[in-house]
Chemist: 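Below is a structure I'd like to ask you about.
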Amino acid sequence: MLRVYNTLTGSKEPFESMVPGKVRMYVCGVTVYDYSHIGHARSALVFDVLRRYLEYSGFAVEFAKNFTDVDDKIIKRATEQGVSCDQITATYIKAYYDDMDRLGVRRATLEPRATEHMADIVALVETLVAKGMAYRVEGDVYFEVDRYPMYGRLSKRKRDDLQAGARVDVDERKRHPMDFALWKGSKPGEPSWDSPWGPGRPGWHIECSAMAMRHLGETFDIHGGGMDLIFPHHENEIAQSCGATGKEFARYWVHNGFVQINQEKMSKSLGNFFTIREIFDKSEWPDAVTGEMLRYFLLSTHYRSPLDFSDQSLAEAKNALNGLYDLFERLKEPAPAHGAADEHMREANTRTRQAFVEAMDDDLNTPNAIATLQKLRCEANKALEAGLSAQGRRAVRDEFRSLGSVLGLLQPDQWQFKRQKADEGSGVRGALANILSDDEIAGKIAARLAAKQSKNYALADQLRAELAAEGITIEDRPDGTSRWKR
RNA sequence: GGCGCCGUACCCAAGUGGCUAAGGGAGCAGUCUGCAAAACUGCGAUGCGGCGGUUCGAACCCGCCCGGCGCCUCCA
C-alpha cells in the first residue's frame, strides 16, 4: 500500500482514496508568461510519476493541472512586447506542451484555465463575501484571515509570527497584513471581467480553489505542487476553500523539492535557471534520448530532496541508461528454446517487481525503484551468459517495460533510441542528421568482417576507427559478427 | 526575529535503531577478445560533518557545535 508524505500532518501516511478505486488529484501548473525551466520539469515529472504509479496500482485517476493565464506577470510581459495577453498565454501554453511532450510527461485528464472559469471564481468570492469571510475595499475583495482560525496549519506558521517578519508595503486598507486579494479591480487596458464589485480579475489563489472544486468536488484526495507553494499559495487556498465550504479541501498535500544550481535554489529572480528547451537544444542526442536522460536524472533523487542540476549529472544518467539499453540489444538476439538460467530469471523478475513496488509504495522512492531495475539488469546479463531462452528474454524485457512505464522510462517506442536520426534542427543535432546511413554502416561492418577473416587487422581497425569518428561503436559477438550502436 | 531542511565513498544517491552501509557514474585489476567494445568477477567508506549523551546496540534517537540551504515577498 502506498504511503505518502502529507505536508498537512508532517508525516508519511497510508494513502486511502475517498472513493475506492478512484483518485482525484489537483496539481498547480504554471503561469504561462515564459518558458518552463528544469524546476517546472521536476514538479511536472513528480506528479506524472505519482499519477502513473496510482494507475499502476489500480486506481482510476482524475488528474487536474491548471494553467494560470491571468496574472500580473502576463500583463507585464504583454505590455513589454506590445502584444495581447492572449498571444502571450497561447505562445507559452504551446511551449509548455512541447516541453512536456519531449519529457514524456503525459497530459492531465483535465487542464483548466483561469480565464475559462470566471463564473466559478466570481461565485466563490461571492460566497466568501456573503459568509463574512471576505470584505470589499473599493474594487478589490480581500480574504480576511482572522475569520479562518486554522490559518497557518499547512505551513505551520502563526499569524503573529508572520506579522513579525519584515513586510514590504503593507496595504493600509487591509484589516490584517496577511489578508490576500480574492479579486482585483482592473486598471484601464488590463484584461477584466464583470463582477458584483466592478470590472476586475481574480487574485492568484482563488482560481485554483474554484477550478479544483468545479472539477474534483469540494473535497478531493491529493493536492500537489512545488514546496514554494506551501506558503502562501496553498495556505490561502485552504483558507478560502474551507472557509467557503466548511469542509476539508484536499486530504493529502504533496510537495516536491527544488532543483538547484551549485547548491542554490534555481529561480527566475536569481537568474540562475535553465529552461527545458535549452537543455534539449544543446543536447547532442535526439529528443527521445534527452528526454529519458532528464527523466532518469530527475527521478534518481527522492522527490522531496533538493537536487543539483549539472551537465555531469545528466551525463551520468545517460551512462546509467546505456547499460540498460545495451542489455536490451543483447536480449533481442536469437536464442535457444531452453536456457539454463530460465528458472532463475523468472525468480529475479518476480523479486524485482516486489522490490520495485515496495520502493514506490514508500512515498515514491524512485531512487530505490531505479536501483531495483539496475539489479535486474545485472541478473539478466548473468542469465544471458549462463543461457537464457527466447521466452526468458522476452519475459525480462517485458518486466523492464512494465516497471519502466511507471517511471516513464525504457518504453518500447524508445527502444531503438540510439538509432534514431536526430531530427532537423541546427547545431550539433543538425550535424548528426547528416551522418552515415544504416546501409553505409552495414557496408563498413561487412568490410571489416572480411578484413578480420583474412587477418588484415590493420584494415579492420581502420574501418572501426572510421565508424568511431562518426560516433558509432562496434561490439563483436562471439561468433564473429558485430552489432553496432550510436 | 519566526518556521523548516540538508551534510553518507572521487562524484551522484538510498538507507533513519540491530544481518556484510543499496544502486548508479568514474577509477583500478582480472576474465573474454587479434586488439577493442560490451558483459562478468574482484578492489574501493572499520565508517555515515564534529563532539558529547541515551541504549545491550545508532549513520539512524537527544543535546551542543561546525558547514550549506530554503520559506516567511512573485516563484515548481
Chemist: Select one nucleotide: of G15(B), G25(B), C72(B), the one nearest the side-chain heavy atoms of Arg157(A).
Modeler: C72(B)
Chemist: Describe, in one word, how the ring planes of Tyr325(A) and Phe328(A) are oriented to each other, choosing from parallel (under 30°), tilted (30 to 60°) and perpendicular (over 60°).
Modeler: perpendicular
Chemist: What does G23(B) pair with, Watson-Crick or G-U, if both distances are under 3.5 Å?
Modeler: C12(B)
Chemist: Going by the salt bridge (charged side-chain N to carboxylate O under 4.0 Å, His left out) test, name the single residue among Glu358(A), Glu347(A), Glu399(A) that passes it with Arg353(A).
Modeler: Glu399(A)
Chemist: With no hydrogens and no angle check, is any side-chain donor or acceptor of Asp179(A) less than 3.5 Å from a backbone partner on Val145(A)?
Modeler: yes
Chemist: Once you round it to whole Å, what is the distance between P of C72(B) and CD of Glu235(A)?
Modeler: 13 Å
Chemist: Salt bridge check, Asp363(A) against Arg304(A): does any charged N sit closer than 4.0 Å to a carboxylate O?
Modeler: yes
Chemist: Closest approach to the side chain of Ser305(A), judged atom by atom: which nucleotide of C71(B), A14(B), A38(B) is it?
Modeler: A14(B)
Chemist: Searching all strands shown, indicate the nucleotide that pairs with G1(B) (Watson-Crick or G-U wobble; both distances under 3.5 Å).
Modeler: C72(B)
Chemist: With P as the reference atom in both, quote the distance from C65(B) to G2(B) in angstrom, rounded to an integer.
Modeler: 14 Å
Chemist: Which nucleotide, in any strand shown, forms a Watson-Crick or G-U wobble pair with G18(B), with both distances under 3.5 Å?
Modeler: C56(B)
Chemist: Does a side-chain N or O from Asn368(A) land closer than 4.0 Å to OP1 or OP2 of A22(B), or not?
Modeler: no
Chemist: With heavy atoms under 4.0 Å as the rule, sort Arg330(A) into base, sugar-phosphate or nothing.
Modeler: sugar-phosphate
Chemist: Tell me which of Thr301(A) and Tyr457(A) sits closer to the 5' end of RNA chain B, going by the nucleotide each one is nearest to.
Modeler: Thr301(A)
Chemist: What's the closest nucleotide to the Cys378(A) side chain, out of U41(B), A39(B), U73(B)?
Modeler: U41(B)
Chemist: What's the CD-C1' distance between Gln260(A) and C5(B), to the nearest Å?
Modeler: 10 Å
Chemist: Which part of the nucleic acid, if any, lies within reach of Met266(A) when heavy atoms closer than 4.0 Å are counted: base, sugar-phosphate only, or nothing?
Modeler: base
Chemist: With a 4.0 Å cutoff (strictly under), does any side-chain N or O of Lys265(A) reach OP1 or OP2 of A76(B)?
Modeler: no
Chemist: Base, sugar-phosphate, or nothing for Val27(A), non-hydrogen atoms under 4.0 angstrom?
Modeler: nothing
Chemist: Taking the side chain of Glu385(A) as heavy atoms from C-beta outward, which of A39(B), A76(B), C72(B) is closest to it?
Modeler: A39(B)
Chemist: Assess the residue pair Asp71(A) and Arg201(A) against the criterion (salt bridge (Lys or Arg N to Asp or Glu O under 4.0 Å)); give the C-alpha distance rounded to whole Å, side-chain angles, the decisive distance to 0.1 Å, and a yes or no.
Modeler: CA-CA 9 Å; Asp71(A) 176 84; Arg201(A) 56 198 163 91; over 6 Å; no
Chemist: Using atom P of each nucleotide, how far apart are C48(B) and C11(B) to the nearest Å?
Modeler: 16 Å
Chemist: I'd like to know if Asn262(A) reaches the base of C69(B) with its side chain, counting only an N/O donor and acceptor under 3.5 Å.
Modeler: no
Chemist: Sticking with atom C1', work out how far C71(B) lies from C28(B), rounded to a whole angstrom.
Modeler: 45 Å
Chemist: OP1 or OP2 of C12(B) less than 4.0 angstrom from a side-chain nitrogen or oxygen of Asn319(A), does that happen here?
Modeler: no
Chemist: Counting only side-chain heavy atoms from C-beta out, which of A38(B), A76(B), C35(B) sits nearest to Arg464(A)?
Modeler: C35(B)
Chemist: Please determine whether a side-chain nitrogen or oxygen atom of Arg377(A) lies at a distance below 4.0 Å from atom OP1 or OP2 of G24(B).
Modeler: yes
Chemist: Under a 4.0 Å threshold between the charged nitrogen and the carboxylate oxygen, would Lys382(A) count as salt-bridged to Glu379(A)?
Modeler: no
Chemist: Within the 4.0 Å heavy-atom criterion, would you say Gly39(A) contacts the bases, only the backbone, or no part of the nucleic acid?
Modeler: base
Chemist: Considering every strand and a 4.0 Å limit on heavy-atom distances, what is the contact class for His302(A): base, sugar-phosphate, or nothing?
Modeler: sugar-phosphate
Chemist: Rounded to whole Å, how long is the line connecting atom CG of Leu467(A) with atom C1' of A36(B)?
Modeler: 13 Å
Chemist: Counting the atoms with a prime plus P, OP1 and OP2 as sugar-phosphate, which does Gly257(A) contact under 4.0 Å by heavy atoms, base, sugar-phosphate, or nothing?
Modeler: base
Chemist: Would you mind classifying the nucleic acid contact of Lys455(A) as base, sugar-phosphate or nothing, using non-hydrogen atoms under 4.0 angstrom?
Modeler: nothing
Chemist: Could you tell me whether Cys28(A) contacts a base, only the sugar-phosphate backbone, or nothing, with contacts defined as non-hydrogen atoms closer than 4.0 Å?
Modeler: nothing
Chemist: Taking the side chain of Ala460(A) as heavy atoms from C-beta outward, which of C40(B), A14(B), G34(B) is closest to it?
Modeler: G34(B)
Chemist: Ignoring the backbone of Asn256(A), work out which of A22(B), C72(B), A76(B) is nearest its side chain.
Modeler: A76(B)
Chemist: Can you tell me the base-pairing partner of G63(B)? Count Watson-Crick or G-U wobble geometry only, both distances below 3.5 Å, and say none if there is no partner.
Modeler: C51(B)
Chemist: For a quick check of understanding: with a heavy-atom distance under 4.0 Å over all strands, which category does Ile474(A) fall into, base, sugar-phosphate or nothing?
Modeler: base
Chemist: Identify, between His40(A) and Gln263(A), the residue whose nearest nucleotide on RNA chain B lies closer to the 5' end.
Modeler: Gln263(A)
Chemist: Please give the distance between the C1' atoms of U16(B) and C6(B) as a whole number of Å.
Modeler: 14 Å
Chemist: Could you give the distance separating A37(B) and G25(B) at their P atoms, to the nearest angstrom?
Modeler: 16 Å
Chemist: Thinking salt bridges, do Asp34(A) and Arg77(A) make one under a 4.0 Å N-O criterion?
Modeler: yes
Chemist: Verify the contact: side-chain N or O of Lys382(A) to OP1 or OP2 of U41(B), cut-off strictly under 4.0 Å; return yes or no.
Modeler: yes
Chemist: Which nucleotide in the list C12(B), C35(B), A13(B) gets nearest to the side chain of Pro367(A)?
Modeler: A13(B)
Chemist: Whom does C28(B) pair with, Watson-Crick or G-U wobble, provided both distances fall under 3.5 Å?
Modeler: G42(B)
Chemist: The criterion is ring pair (Phe, Tyr, Trp, His ring centres under 6.0 Å); which residues satisfy it with Tyr35(A), sequence neighbours excluded?
Modeler: Tyr92(A)
Chemist: Which nucleotide, A36(B), G34(B), A76(B), lies nearest any side-chain atom of Asp461(A)?
Modeler: G34(B)
Chemist: Using purine N1 to pyrimidine N3 plus N6-O4 or O6-N4 for Watson-Crick, or N1-O2 and O6-N3 for G-U wobble, both under 3.5 Å, which nucleotide pairs with C35(B)?
Modeler: none
Chemist: Identify which nucleotide among C72(B), A76(B), A38(B) has an atom closest to any side-chain atom of Lys485(A), counting heavy atoms from C-beta outward.
Modeler: A38(B)
Chemist: Tell me whether Glu333(A) is salt-bridged to Arg393(A), with the criterion being a basic N under 4.0 Å from an acidic carboxylate O.
Modeler: no
Chemist: Would you mind classifying the nucleic acid contact of Phe258(A) as base, sugar-phosphate or nothing, using non-hydrogen atoms under 4.0 angstrom?
Modeler: base
Chemist: For G49(B) and A36(B), measure between their P atoms and round to the nearest Å.
Modeler: 42 Å
